[in-house]
Every structure is written in structure tokens, then in C-alpha cells.
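Down below is the structure, laid out as C-alpha cells.
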Amino acid sequence: MHKKLELYEKVTPLAQLGIWQRNLITGEIYWNKYVREIYEVGTDDYLTLEEAGRFYVDGPAVRTLLELAASTKEPQEGEFKMLTAKGTFKWVRLRVDSEHENGECTSIFGTLEDITTQVNMIRALEEREEKFHQAFDYAPIGMAIVSTEGHWIKVNNSLCSLLGYDEEEFLKHTFQDFTHPDDLDIDLNYMHRLLRDEISSYNMEKRYFHKDGHQIWIYLSVTLVRDADNLPMYFISQIKDITERKRSMEILLRERQRLDNIIKSTQVGTWEWNILTDETLYNKRAAEILGYKPNEIVANTMTAWHDFIHPDDREINWAELEKCFKKKEKFYACECRMKHKDGNWHWVEIRGKVVNWDDGDKPLLMLGTYANIHERKAMEQERKKAMEVISGQNGRLLNFAHIVSHNLRSHTGNIQMLLDMITHEQDEEEKEKMMQMLVINTSNLQQTLSHLNEVVDVHGNGDYNKKTLSLQQEINRMLDVLSQSLRQVNAKQTVEIKQDLFIRYDPAYLESILLNLMTNCIKYRDNERQLHIRIKAYDNGDTKVLEISDNGIGIDLDLHGHKLFGMYKTFHNNTDARGIGLFLVKNQVDAMGGKIEASSRIGEGTTFKVEFS
Amino acid sequence: MKKLDIACIIDDDKIFTYVLTKQMKVVDFCENLLVFHNGLEAVKYLKPILESPEVLPDVILLDLNMPIMDGWQFLDEFVKFKVTKKITVYIVSSSIDVTDHAKAATYKAISNFYIKPISRENLEEMLAEISA
């Protein structure tokens, strides 16, 4: 017994267990030191039941417990809140049992334990639990506790309203049931990695199906809760509705894609120019237009881009930019040549618009495009050339029509007037004279018609009989033909051809050209000096040139230059002059695609220069 | 209608000038007639007598297409003349080219543009206009 007591004395301090006993017969009280410490009373104080009862916040409850133990003869236990002698609130656990003799309770005894720490802890836990539930249930985002198999264990209000199911319906399903099939594998894969402890949490964007069938995009954050042995217990999932964001993103992406497609399909290069810093951004196509890969070209400033512009086009480019900067034009647009990587000049259309101005109306930012217009430009130039040819032909045709009209009218007018006079003339002699004139006039008309025929031949159907001809041979042949006339006027001829030239030409035209120009030299010679005809032919690279010069009387080109090659234009009091030779020569040279021009000085001579195309 | 004192034809077409001369006689167009076969001949004749209105023509019938100096070139010289008398100038040409007609309209000195052939009625019309 003694030993047992000793052990008891040793153990109680470990548990800090208060031990007490009241002998209800003698009123004797036993309190160990821990009881006193709990009550925070003096070492020698013993309190009556009544006194002790006052320390308890709920005294009657304590008394009831004690009475219950006494009446039932069963040990009882209760937790009570007390205010100690020093005014400290404490939670205590009171255990009580009773001893009986002859059916009467003789003593009660028990233990008293300070459990304030545990109670506070539990209270705190409960509070936390409550707070968690509050947070969980009323969180603005969806939250769920999900089993390791995927069963919904607990879901909050937000999640319910997000997917349209109530909690009961949720708990009958797994999250797999609601997940879009295309997103399920990724989710499950993450989940398994989480279970294998490879990751501590995961986030992903995925789609759920709403109860009514439509898709909902959500952002999912999942963590795994493990027990003390690190075994998986359940998942906590946070689920945020991102449908709206996703939709705007998709619209944005679609817009962007559409813009990209437009830019790609229009083949324009784009640029963005910070006018203050000169910094310039450009797309891939902008570089490609000049034949470069995006990283090959050094063009991070607009100055660098402008350096690609042909020197002759820079001024106009700046002028166009200025117009835009000074708000004279809304858009900046300029067609100019730019240096391609291959070394050639390529036609590029630059367009732009100032999109940012500072308060002082200074341009800050300009956006624009480069478009390759090389082919269009080439076609334009070709068209322009064709137009020139056509309008030239048109002009000649109209001119020809006027010539025909004029020349026929001159003769028919005369005939009409003559006939009118003849019918009114009484004098036979006069009549006869006018008849003579009528005959002359008719033959003039005939001659005019034959001239016009010659001209029509030149303007024919364009189906020329071109042959390769030696200029040297043709010149010599013509000098031969004219040798009689040349001898008659005692003419001197010089032919300067260093190297024989060959041209593709209609032989009849070349003959006509040579004959007319040489004959003119003879016709318009100066009788004061010996005629000297100089014939030169040379190749100047692009074209082959023939020059026929004389030392004749010359033509006043200031006076007659504009009609030198006109039909029936004569410039001298020369009876031989028909006014048809040079007109034909000009038409023949034109028809072959070449050029003819004349230079002359009165009293010194004339030079005709023919360029064969 | 009053007969003109002096008329002048400048035209290289000899048949035309012959017939026109005859027509003028028929309508009693003028007392005296000057005929030149190109502009230069006319200028050479007129220039020295500018100061003598009594020998200057009242009217000039001017052709356009002529050698050496054509009608336009003659006009360019003519407008520089300081004439002491009103000289009416008519273009008498075979040209129906609108550019010629438009060009003629730019010369104040030109009163009208006649297209060949010329009828007696044309001559009477000129006469009426000049003496009006």
C-alpha cells in the first residue's frame, strides 16, 4: 500500500493531475498541490464545497454532477469553466466518484485537470473549421473536395451555380463526368502525377459541360491533401470561370488571325515608325519586298529605310511625308524605286498615316505599308509606250485625213469654180483657156491621188517585208543610180563608213529614204560652189545612225522646222519642189520604228540624221 | 455695194487665183487687184508702202498652205505692221482641220475663215461686210 502510494505520488506531477477527496461524514478534505494550483489558492487553504462551487462559472452544474455521482454510484465527468482565485479563466475536467456505507454516501473523490490549452485549441480548430466552411461555401469561385477517384465529396455554391447542378446531383458524379473529353486526359495525367507525389499542385485551363449542355471554360487549381502518413486523402479543387475571358481571347485571336491573313494575302509589308526616335518596326514581308530575310536587313530606323529609295525619288518622298506631317494630306502615299537586294531598282508604293500627334500637332507615330508595284509599274510603262505608239498613229491618221481632205478639196474646188465660170463665160477664147486649166487641174488631181496612194502604202497594214541589208551596199547602189545627175552638177561625194553596218529594213523604204535625201542634196545645192555630199554611217551602241550632209542653200529651221516633214510643204522657190519627199521619208522612218531629224544653216548646208531602230 | 479700191490675194494655187480673179470681175469686187504666190512676196511688197494708205489693200484673201512663207507666218509678220489703214483679212483655205480654225480664232486681224471653193455669193458677202 505504501509503495503504491509512492508511485502515485511520483506519477501525479507528470500529469499535473489534481486529486481531491471530501469525507461527507467528517467534513475532512484532501487536496493535493495541483488542485490548489488550479484554483490558485494558498498552500494551506481548503475550501468548502460551497466555496469551491463559487469558482465555477456554472456552479449549479458542478453540484449536479457531484450529486449525480453520489446518487448513481457511478463515476461522472464534466468540463467546466472556472474563474480562479487570482481571476484567471480556466477550463477544467472534473472527474468524480463516491464511496458508500450502508446505503449512504460517505465520501466523494476525484480528479481535477486543467484542460484550458486543449479546449482553446479545439475551440480554435472549430472556429477555423467554421471559417473554412464559410469560405468554402460562399467563396466567389467554385471550390470542391474531390476523392482520389474523382468523386465530388463537397462542392460549394459557386460551383453549383457555375455548372447548374445542385449539391446532391454533384455528389452522385465524378468530375470526369462533367469534363470535356478533349481535356480529360491532361487532367487525369496531372492528377496521377499529383497522387504519385511528383508534383505538389497543378493548374490548367479546361472545359466543363453545364447541366444544360453548353461548354464552360474554367481555370482549375488542384492540391492534394495527405494524411499524417503522407497517404492521399482528397483533392481540393478551385475552379474559376474564364469563359468570358476565353471568348474575348478567341475573338481577339480570330481578329488577329484575320488581320494577319489580310496582310499576308495582300502581300504588303507593314511598318511602324516612332517619328521622335526614328525607331522603326517592320514585318517579314517588308524585308522580303526588297529581297531580304527579316534578320538580314538593317532597317531599324526609317532613315535606314529611306536610304533604300532611289536618289531621284527621295525628294518627292519627303515632299509627300511633309504634306502628311503638316496635315495637308490625311495619308502619305508615294511611289518610288527602292534598291532590291539583287541590285535592281524595284517600284514600291509606300503608304502611311500618322496615328499619334502630340498636343502641339507634332507627329509622333506613323503606321504604314510597302507594296510591290513593280509589275504594275512595268505594265503601266508598257501601256504608256503602247499609248504613245497608238496616239502617234492616230495623230498621223488624222493628219493624213486632213491632208487628203485639203488636197482633194483644193482641186475639186478649182474644178467647181472653173466649171461655174465656163458656163457663164461668153468669150470663146477665155472658155478655151479655162478648159485648158481644167485639164491641168485634173492631171494635178491625178498626181495628188497617186501621192496619197504612196502614203497609204507606207501606213499599210504594218506587214513589212524586212530584210537584212548592208548600208554600205545600199548607199553605193543609190550613188550609182544618181551618178548621171551627180556628174551633171559636178558633185563631190564622200562616204565614211568605218565598218559596214547591217540593218533589218524594208528594202523599198531604205531605197526611198536614201534616194529622197540624196536628191534633195542635188536639188537644193548652192550654185555658187561645188556640191559636196557627205554620207556617214556609224553604230552608237543603241542604234545605227546614217547622216547625209550637203553644203547647199540650207533651210531656215526656225521658220520651217515644225513643218519640215509635212506634206506639200515646200520652202524654196524651186520648181522641182513637190513637198512630198520628206513627208514620205518621215513616214517610212516612223513606220520602221526609227527617228529622223535635220539641222541646217542658211547658206552653209543641211544634215539629215536617220536613226535605225 | 461699194466697189473696193484695192484687193489682195495671197495664194500659191495659180488656177485658183486665176478663177478668183475672174469671179471678182464678175461681181465687180475691186478697182485694183494684187496677187502674190506666197507670204514672203506679199510682205516684201507691203512693207515699204505701210506709210502710204492710198496704195495699201482694203482686203487680203489669204491662203494658209504655201511654200516659203505660209499664211500663218505671213500673219505673224502682218500683225507687226504699223498699218495706217484698216485692212480686212480673210482666210481662204481648203483646210477643214479644226486646229486651223481654232488657231485662226486667236488672230484678231482675221475677220472670217472661208473654205474653198469660193462662190460669187462669198465675194458679195465680203464686200457687204467691208463697206458696212
Side-chain angles (χ1 to χ4, degrees), chain A residues 395 398-427 430-431 433-445 448 553 555-556 558-563 566-579, chain B residues 9 11-29 36-44 61 63-77 91-103 113-124:
Chain A
L398 194 65
N399 187 34
F400 182 65
H402 285 136
I403 288 165
V404 171
S405 156
H406 179 273
N407 296 348
L408 294 183
R409 187 175 292 273
S410 304
H411 299 305
T412 55
N414 282 349
I415 290 169
Q416 195 179 332
M417 286 165 78
L418 277 167
L419 287 174
D420 184 55
M421 295 305 292
I422 288 167
T423 45
H424 288 87
E425 187 58 65
Q426 306 297 323
D427 186 342
E430 271 299 309
K431 251 188 189 171
K433 197 174 171 189
M434 282 191 281
M435 283 303 286
Q436 292 283 319
M437 281 186 174
L438 208 52
V439 172
I440 295 166
N441 203 352
T442 310
S443 101
N444 286 348
L445 176 59
T448 297
I553 51 181
I555 313 165
D556 185 345
D558 290 337
L559 212 56
H560 305 299
H562 63 285
K563 53 185 182 182
M567 195 178 190
Y568 296 115
K569 304 290 183 189
T570 49
F571 313 101
H572 304 95
N573 274 318
N574 195 326
T575 46
D576 291 352
R578 299 186 305 150
Chain B
I9 303 173
D11 196 318
D12 62 325
D13 184 341
K14 301 213 165 76
I15 293 175
F16 178 75
T17 52
Y18 174 79
V19 184
L20 190 59
T21 307
K22 295 221 67 148
Q23 273 183 334
M24 283 178 167
K25 273 181 196 149
V26 173
V27 301
D28 208 8
F29 193 76
F36 304 105
H37 289 105
N38 65 59
L40 192 61
E41 283 181 15
V43 169
K44 276 184 181 160
L61 277 59
D63 185 22
L64 289 177
N65 290 307
M66 290 179 286
I68 303 171
M69 183 187 276
D70 67 17
W72 301 119
Q73 289 164 334
F74 169 79
L75 276 168
D76 291 338
E77 293 299 314
I91 301 288
V92 177
S93 165
S94 288
S95 174
I96 56 159
D97 190 340
V98 282
T99 55
D100 282 341
H101 288 248
K103 193 173 175 185
F113 196 123
Y114 287 92
I115 296 168
K116 291 177 183 175
I118 293 293
S119 63
R120 281 191 289 277
E121 288 73 28
N122 290 145
L123 289 175
E124 282 162 357

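The sequence lines fix the lettering, A, B, ..., with proteins before strands; numbering per chain opens at 1.
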| field | side-chain contact (heavy atoms from CB on, under 4.5 Å) between B/R120 and A/H424, worked out | value | CA-CA 12 Å; B/R120 281 191 289 277; A/H424 288 87; 3.0 Å; yes
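- Contact annotation for A/M437: both backbone and side-chain heavy atoms come within less than 4.5 Å of a heavy atom of chain B.
- Atom-to-atom distance recorded for A/M421:CE and B/K25:NZ is 9.0 Å, nearest 0.5 angstrom.
- In this structure, NE2 in A/H406 is found 4.5 Å from OG in B/S94, a value given to the nearest 0.5 Å.
- A/Q416 contributes atom CD, which lies 8.5 Å from atom OG of B/S119 (distance to the nearest 0.5 angstrom).
- Here the OG atom belonging to A/S405 is positioned 8.5 Å from the CD1 atom belonging to B/I115, to the nearest 0.5 angstrom.
- Using a 4.5 Å heavy-atom cut-off against chain A, the contacting residues of residues 12-20 of chain B are B/D13, B/I15, B/F16, B/Y18, B/V19, B/L20.
- Counting heavy-atom pairs closer than 4.5 Å to chain A, the top-ranked of the candidates B/Q23, B/H37, B/K116, B/Q73 is B/Q73.
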